S.K.: 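The structure is given below, and queries will be raised subsequently.
Residue numbers begin at 1 in each chain, while the letters A, B, ... track the order of the sequences. Quantities reported herein were computed from a predicted structural model and do not represent experimental measurements.
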Number of protein chains: 2
Amino acid sequence: MSQQVQQTDSAGALALVAAQDRFIAVWGQMGSTWGVSRTMAEVHALLFIVGEPMCTDDVMERLAISRGNASMSLRALVDWGILARVHKRGDRKEYFQAEGDPWVILRAVVAERMKREMHPVLAGLAEIRDATEPGRAGGGAVDAAQAGRIASHNERLESMIEVLGLLSGLGEKLLGMPTEQLRLAAGALGAGLGGGGGRL
Amino acid sequence: MSQQVQQTDSAGALALVAAQDRFIAVWGQMGSTWGVSRTMAEVHALLFIVGEPMCTDDVMERLAISRGNASMSLRALVDWGILARVHKRGDRKEYFQAEGDPWVILRAVVAERMKREMHPVLAGLAEIRDATEPGRAGGGAVDAAQAGRIASHNERLESMIEVLGLLSGLGEKLLGMPTEQLRLAAGALGAGLGGGGGRL
DNA sequence: AAGTGTTTTCAGAATATTTTGAAAGAATAC
DNA sequence: GTATTCTTTCAAAATATTCTGAAAACACTT
């Protein structure tokens with residue numbers, strides 16, 4: 001089972017486990033930020049901070065969660081592409097190893113949210129626009145006030161689509177960038193642009 | 001009460017209300033994206049797409065929600081800074097008007113999530129780092145393997161802090177940019193930087 | 001001051017999400 | 001083939017979140 005803290009209950013091991021637990025707790029809180037349950041975030045945190053592969057039983061024991069929960073969380077994280085299944089010779093158990101590059105993790109999270117949230121919303125808004133384009137609206141007789149409302153409705157809809165489309169474009173761009181480029185871009189933008197006053 | 005669709009049940013009014021309802025439904029789905037309940041997102045969607053001020057009773061009726069729910073959602077949206085309280089002469093009721101600029105809305109959402117999620121996480125991670133900086137760890141006797149684990153733990157922690165710090169910097173920058181600059185920057189970045197795709 | 005219309009609050013109800021645990025399903029060993 | 005070990009599934013239980021509605025608080029008016 002747990003080979004993490006062996007007989008060596010040295011001060012070093014204790015401090016390390018304590019730090020890991022703190023990391024897990026903090027990361028778990030962030031679960032809602034990237035749209036997953038606290039437990040799933042904690043499982044990821046554990047594997048990320050430990051760095052070495054762990055099996056289902058290790059995870060269950062360390063986080064005090066059920067087998068079913070561990071299995072589902074691990075599977076989901078594999079699906080997200082931030083956990084790899086690994087095997088050890090002479091061991092029938094399956095082990096899981098976390099992706100170590102935070103930029104890869106970031107991309108996975110962005111990809112997932114784009115797919116699950118951004119794309120459906122953009123598609124939905126586009127449909128509404130098509131259904132209410134000027135000239136449609138089911139025919140003729142609308143008074144002036146009504147016509148004004150419709151025009152302004154379309155403007156608001158359009159402006160929202162514009163912003164979301166731009167954001168979506170940014171997201172796609174991010175997904176297409178390799179880690180090194182990403183780090184450079186983020187650093188340059190965050191530090192260089194704007195500065196409170198900011199020029200483009 | 002509802003002055004939205006008067007006696008004029010013309011085709012135009014019907015189509016407009018239908019489009020509004022669809023917008024509200026789509027926007028409501030996105031609630032989890034920006035970290036609020038579906039109802040709060042729907043209340044915002046309603047006021048945004050209608051464009052004109054509405055009072056609590058209007059909102060309750062249109063969305064079929066309770067007074068308490070409407071009151072709390074409206075209040076929260078005012079706190080977020082994307083709804084303004086307005087008054088009508090000769091009317092004791094309070095009306096609410098949505099911010100019309102989607103970029104302002106975006107900034108409000110980013111600001112809220114930075115405050116509620118990014119800052120606490122960064123603070124938590126920084127604390128953990130301080131508690132486990134090399135030389136600490138409670139003193140001496142750690143064997144070589146343990147020392148290696150601690151070193152690699154610190155590296156992983158550091159790399160995660162680096163990425164989140166960079167993202168946080170980006171967020172702050174965004175919050176400091178006026179609408180026009182934001183639009184330009186997003187457009188330029190989404191279309192220009194990097195390679196691959198980028199189409200809406 | 002009491003009266004009237006409006007808004008806020010919050011305990012309990014309703015709803016939704018997450019977790020468990022045991023049974024069924026795979027996969028490998030014998 | 002059966003036995004053994006590990007993994008997945010999913011209905012029910014536990015938990016967390018959201019919503020309601022009626023009472024309290026508030027803000028005007030007379």
Side-chain angles (χ1 to χ4, degrees), chain A residues 1-2 24-25 27-47 53-80 83-97 116-117, chain B residues 1-2 24-25 27-47 53-80 83-97 116-117:
Chain A
M1 303 285 154
S2 176
I24 291 164
W27 203 242
Q29 282 201 297
M30 222 179 60
S32 65
T33 302
W34 37 299
V36 303
S37 73
R38 189 178 50 74
T39 297
M40 189 169 149
E42 285 182 349
V43 170
H44 176 249
L46 171 61
L47 284 159
M54 297 178 79
C55 69
T56 305
D57 291 273
D58 293 337
V59 173
M60 286 169 60
E61 190 183 316
R62 180 69 181 270
L63 299 181
I65 61 176
S66 71
R67 182 171 304 282
N69 200 3
S71 174
M72 285 179 135
S73 297
L74 288 167
R75 138 82 90 119
L77 290 165
V78 169
D79 287 347
W80 278 46
L83 243 53
R85 296 178 194 270
V86 303
H87 294 276
K88 296 195 174 181
R89 273 176 295 115
D91 192 338
R92 281 169 63 176
K93 280 205 275 295
E94 200 158 26
Y95 286 72
F96 298 88
Q97 165 138 248
R116 292 198 318 197
E117 286 158 351
Chain B
M1 305 295 150
S2 177
I24 291 165
W27 203 242
Q29 280 202 299
M30 222 179 59
S32 65
T33 302
W34 38 298
V36 303
S37 73
R38 189 178 51 73
T39 297
M40 189 170 148
E42 286 182 350
V43 170
H44 175 249
L46 171 61
L47 284 159
M54 297 177 79
C55 69
T56 305
D57 292 273
D58 294 336
V59 172
M60 287 169 59
E61 189 184 317
R62 179 69 181 268
L63 298 181
I65 61 177
S66 71
R67 182 171 303 283
N69 200 3
S71 174
M72 285 181 137
S73 297
L74 288 167
R75 140 83 91 116
L77 289 165
V78 170
D79 287 347
W80 279 45
L83 242 53
R85 296 178 193 270
V86 303
H87 293 276
K88 297 195 173 179
R89 272 176 298 117
D91 191 338
R92 280 168 63 175
K93 280 205 274 295
E94 198 157 30
Y95 286 72
F96 297 89
Q97 165 138 250
R116 294 199 318 197
E117 285 158 351

S.K.: Rounded to the nearest angstrom, tell me the gap between atom CG in A/L77 and atom P in D/dT8.
M.R.: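 Spelled out: CG on A/L77 to P on D/dT8 is 13 Å.
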
S.K.: Under 3.5 Å, which protein N or O atoms sit close to an N or O of nucleotides 24-30 of chain C? Give each pair with its distance.
M.R.:
residue: C/dA27; atom: N3; partner: A/R92; partner atom: NH2; Å: 3.4
residue: C/dT28; atom: O2; partner: A/R92; partner atom: NH2; Å: 3.4

S.K.: Does any non-hydrogen side-chain atom of A/T39 lie less than 4.5 Å from one of A/L63?
M.R.: no

S.K.: How many Å lie between CG on A/L63 and C1' on C/dT19, as a whole number?
M.R.: 13 Å

S.K.: When you compare the side chain of A/F96 with that of A/R85, does any pair of heavy atoms fall below 4.5 Å?
M.R.: yes

S.K.: Return the nearest nucleotide to the side chain of B/K93; candidates are C/dT8, D/dT8, C/dT6.
M.R.: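 Closest nucleotide among those given: C/dT6.
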
S.K.: Are any of the side-chain heavy atoms of B/T56 and B/E94 separated by less than 4.5 Å?
M.R.: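 No, every pair of side-chain atoms sits at 4.5 Å or beyond.
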
S.K.: Rounded to whole angstrom units, what separation is found between the CD atom of A/E94 and the P atom of D/dC6?
M.R.: 12 Å

S.K.: Could you encode protein contacts along nucleotides 15-26 of chain D as a string, one character per nucleotide from 5' to 3', using B for base contact, S for sugar-phosphate-only contact and - for no contact, with a heavy-atom cut-off of under 4.0 Å?
M.R.: ---SSBB-----

S.K.: May I have the distance from B/R85 (atom CZ) to D/dA27 (atom P), rounded to whole angstrom?
M.R.: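 Distance, rounded to whole Å: 11 Å.
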
S.K.: Does A/S71 reach the main-chain N or O of A/R67 with its side chain, forming a donor-acceptor pair under 3.5 Å?
M.R.: no

S.K.: Please report the C-alpha distance between B/I65 and B/E42 in whole Å, then the side-chain angles of each, then the deciding distance to 0.1 Å, and finally whether the side-chain contact (heavy atoms from CB on, under 4.5 Å) criterion is met.
M.R.: CA-CA 11 Å; B/I65 61 177; B/E42 286 182 350; 5.7 Å; no

S.K.: Quick check: are there more than 12 heavy atoms from other residues, nucleotides or ligands sitting under 6.0 Å from CD of A/Q29?
M.R.: no

S.K.: What residue among B/L74, B/L47, B/V43 forms side-chain contact (heavy atoms from CB on, under 4.5 Å) with B/M54?
M.R.: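 When B/L74, B/L47, B/V43 are each tested with B/M54, the side-chain contact (heavy atoms from CB on, under 4.5 Å) holds only for B/L47.
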
S.K.: On the 0 to 90° scale, with breaks at 30° and 60°, tag the B/H44-B/W27 ring pair as parallel, tilted or perpendicular.
M.R.: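 Taking B/W27 first and then B/H44, their aromatic rings sit tilted (interplane angle of 30° to 60°).
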
